[in-house]
Engineer: 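Below you will find the structure I want to go over with you.
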Amino acid sequence: MNLALRDIRHRLGRFVLTCVGLALLLGVVLSMIGIYRGLVDDALLLVRAPAADLWVVEAGTLGPFAESSRIPKDARETVARLEGVAEAGVLTFQTAEADHDGRKARLYVVGYEPGRLGGPAAVAEGRPIARAHYEIVVDRRAGIPLGARLRLGSETFTVVGRTAGQVDSGGNPLAYLTLKDAQELQFELDGAAARNQALRGDAGSVNQVNAVVARLAPGASPDRLAEGIRRWKHLGALTQDGQEALLLTSVVQKARRQIGLFTATLLAVSAVVIALIVYTMTMDKMREIATLKLIGAPDRAIVGLIVQQALALGGIGFTLGAALIALAADHFPRRVIILPADTLALGAVVAVVCVAASLMGVRYALRVDPAQALGG
Amino acid sequence: MEALVELRGLAKHYGDGATRVDALRGLDLDIHAGRVVGLLGPSGSGKSTLLNLIGAIVEPSAGWMRLDGEVVYDGGWRRTDLRRLRLEKIGFIFQFHNLIPFLSVSENIEVVLDLAGRGRADARARARELLDYLEVGEHAGRRPSQLSGGQAQRVAIARALANRPRIILADEPTAALDSQRAGIVMDLLRKVAAEQRAAVIVVTHDEKIFDRFDEMHVLRDGSLDGGAAGEAMP
Ligand SMILES: Nc1ncnc2c1ncn2[C@@H]1O[C@H](COP(=O)(O)OP(=O)(O)OP(=O)(O)O)[C@@H](O)[C@H]1O
Ligand SMILES: [Mg+2]
């Protein structure tokens, strides 16, 4: 006879309410993990978009994301001629505020040369940029429709294509411009100081880019090439792996620690809550447990009663919580990625916590004197 | 006649030193099969303690105890599995019926049969039979909280009888019942004692039921009061 199940049925309302509470708590834990995964994914998205093997940047910098980097545009030719480089492109990166029908949208603008490495990997709607000026591809997240006209700096651009799910590590939607447009925008946004410098004849500053990206021929070693480029003194280089690692440490590290700490705290809270609930459930049954012992129930039956209820509580709470987050994930303002592995790991943690938490109740229950049932 | 309960010099004290309480001081007592025995005495005289010792719930401090021919205590428990002893040989009836609230009336009885390893259908049939015998069969599907005091007490008796124990221990089983119900419960215990050749020990203050006992013993300050009501009644 399953005592745990019968006791649950007897106090179904209370049990269900407890499960729902726990589900919300575990849902929050799971969404924290999902937010972290989304953050990492978003951050890497930007570095992975050009599908490059090598990043050539300003010497002595860890650009273009972790530190600012400026190199002359013609570095591309130098890099393209290197042995082992199959293809090279130039890129600029900057954040800019776009104005669409009076609504402001913060965009992360990528400038590239159409036909060369660095453009959007896939355009979900419309087409890639085809003309030299005043066309823009923006991500859907910006909420700007195809064909719309939007102002960036002093120019007006037409949305010719839209990408799906492309954002920077801050969650800003990506936008693609031709290199020329992007350079002009950068120059304009840099302010008076840079403009004056340019007017004094430092013409090179106009034709600058933030990075050169290169795709290598099969068999070429990115590490070896990066090493070679660094020896030139005026340029620096990072492999794709290096760039991703750098981004994760510099950009995501703090968020990771913050979210990790928060998740750990929430898990601890969940553990305490589960332990308290199980303990209270056990305390409420003290007299019944004493009676069961008195009529000859083995410890196994009592332990079963408590542990099964704890596991049922954890199992139902967890399943509800996971289902809730799976349904709600798309409605979060930032990307929430629920990986099956994370869900399973949390499930395992919850199971362990439930068993551990029930041990407290079990310890108490096993010490209960069957004579307590007698009274009088 | 065989003695189902044999106690020799059985003693129990709680605590030690300044806080020591001698609840029972070296008791000798034989209780035979088929007898319904009353245990009387003022509050704190050790009645419940004695019941708990016989029920193998509380460990005696000294002495010797034999239950149904088996020495279970002689200065220490002789048997490690006291739980099985309770399950198979002893039936408990409490003052407050102590039914398990989350089980139905029938399940309250099935659970002890289940613990003793009886099959499901077998347990259900036996529960049915007992409840009918105690005239509460029509309430089998109810919760204990939906029963009157007298009905609940009869269900508790049904549970105590489920595994056909040889020794039935009852602590104030009629305290919550009116005199008519109390009489019915006592008649029932007498019937069980006679039919199952069981020893029934009832702790009570309830004068209404004194005439239902085969013998009565009075405890006073942890000792049996040899003279007064100690001998067999009609
Ligand atoms: N667990 C315990 N710890 C310490 N002392 C106890 C314990 N149980 C009983 N006693 C003491 O042992 C003595 C006998 O108690 P017992 O409960 O057997 O009395 P009783 O005859 O059943 O009384 P009542 O009629 O009030 O139920 C009392 O002095 C009581 O205080
Ligand atoms: Mg008592």
Side-chain angles (χ1 to χ4, degrees), chain A residues 1-19 277-278 280-313 358 361-362 365-376, chain B residues 43 47-49 51-53 55-59 81-104 106-116 118 120 123-124 143-145 156 159-160 162-163 165 169-173 175-176 203-205:
Chain A
M1 184 181 296
N2 190 315
L3 296 172
L5 188 69
R6 283 175 169 78
D7 184 41
I8 288 173
R9 269 211 316 246
H10 184 61
R11 292 180 246 212
L12 196 60
R14 202 175 87 164
F15 184 78
V16 167
L17 215 64
T18 312
C19 284
I277 293 171
V278 172
T280 315
M281 284 195 327
T282 310
M283 293 298 282
D284 284 354
K285 280 194 287 289
M286 237 51 270
R287 200 172 167 85
E288 287 86 330
I289 286 169
T291 305
L292 282 168
K293 284 182 150 189
L294 191 71
I295 60 180
D299 288 350
R300 174 168 38 84
I302 314 251
V303 173
L305 171 67
I306 298 168
V307 174
Q308 282 170 26
Q309 285 192 348
L311 283 177
L313 181 76
S358 53
V362 164
L366 290 185
R367 278 208 303 248
V368 167
D369 188 351
Q372 272 186 25
L374 285 172
Chain B
S43 184
K47 305 181 297 293
S48 296
T49 301
L51 227 49
N52 292 353
L53 295 189
I57 296 166
V58 169
E59 181 167 6
D81 200 353
L82 296 172
R83 177 188 78 71
R84 272 220 99 69
L85 178 79
R86 290 201 292 268
L87 185 60
E88 287 163 1
K89 299 228 164 131
I90 300 168
F92 293 94
I93 303 164
F94 318 107
Q95 175 176 0
F96 308 103
H97 58 72
N98 282 67
L99 295 174
I100 297 182
F102 56 81
L103 298 180
S104 73
S106 180
E107 285 168 347
N108 260 282
I109 293 153
E110 287 168 45
V111 71
V112 288
L113 295 159
D114 182 66
L115 289 171
R118 302 273 284 265
R120 206 192 186 120
R124 181 154 302 171
R143 300 266 157 205
S145 59
R159 180 176 68 188
N163 285 322
L169 306 174
D171 203 345
E172 314 234 13
V203 167
T204 190
H205 288 116

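Just so it is clear, the structure is predicted and the values come from calculations on it, not from any experiment. Protein chains get the first letters and strands the later ones, always in sequence-line order, with residue 1 at the start of each.
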Engineer: What are the two closest non-hydrogen atoms of B:L87 and A:I295, and how far apart are they?
Structural biologist: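 What the structure gives for the nearest pair is CD1-O, 3.1 Å.
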
Engineer: CZ of B:R84: more than 12 outside heavy atoms within 6.0 angstrom?
Structural biologist: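 Correct, the count exceeds 12.
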
Engineer: Side chain, backbone, both or neither: which part of A:L3 has a heavy atom under 4.5 Å from chain B?
Structural biologist: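 A:L3 touches chain B through backbone and side-chain heavy atoms alike.
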
Engineer: For A:R9 and B:F102, indicate whether the former's side chain and the latter's backbone hold a donor-acceptor pair under 3.5 Å.
Structural biologist: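 It does not hold such a pair.
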
Engineer: Can you name the residues that form a salt bridge (Lys or Arg N to Asp or Glu O under 4.0 Å) with B:R124, not counting sequence neighbours?
Structural biologist: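 For B:R124, the residues satisfying salt bridge (Lys or Arg N to Asp or Glu O under 4.0 Å) (neighbours in sequence not counted) are B:E110.
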
Engineer: Under the salt bridge (Lys or Arg N to Asp or Glu O under 4.0 Å) rule, collect the residues that match up with B:E107, sequence neighbours excluded.
Structural biologist: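 Here the qualifying residues are A:R6.
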
Engineer: For A:G296 and B:L115, which heavy atoms make the closest approach, and how far apart are they?
Structural biologist: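 Between these two residues, the closest heavy atoms are C-CD1, 4.3 Å.
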
Engineer: Which heavy atom of B:V111 sits nearest a heavy atom of A:M1, and at what distance?
Structural biologist: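 Closest pair (atom of B:V111, atom of A:M1, distance): N-CE, 3.7 Å.
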
Engineer: Quick check on B:P101 against chain A: is it the side chain, the backbone, both or neither that has a heavy atom closer than 4.5 Å?
Structural biologist: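 Both backbone and side chain.
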
Engineer: Does the B:N98 side chain pair with the main chain of A:T291, one donor and one acceptor, at a distance under 3.5 Å?
Structural biologist: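 No, B:N98 side chain to A:T291 backbone: no donor-acceptor pair under 3.5 Å.
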
Engineer: Does any part of the side chain of A:D7, heavy atoms only, come nearer than 4.5 Å to the side chain of B:I100, both counted from C-beta?
Structural biologist: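 They are not in contact (no side-chain heavy atoms under 4.5 Å apart), so the answer is no.
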
Engineer: Which heavy atom in B:R86 sits nearest to a heavy atom in A:P370, and how many Å separate them?
Structural biologist: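 So the minimum-distance heavy-atom pair works out to NH2-CG, 4.2 Å.
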
Engineer: Shorter than 4.5 Å, heavy atoms on both sides: which option in B:V58, B:L103, B:V203 has the most such pairs with chain A?
Structural biologist: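 With the most close heavy-atom pairs to chain A, the winner is B:L103.
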
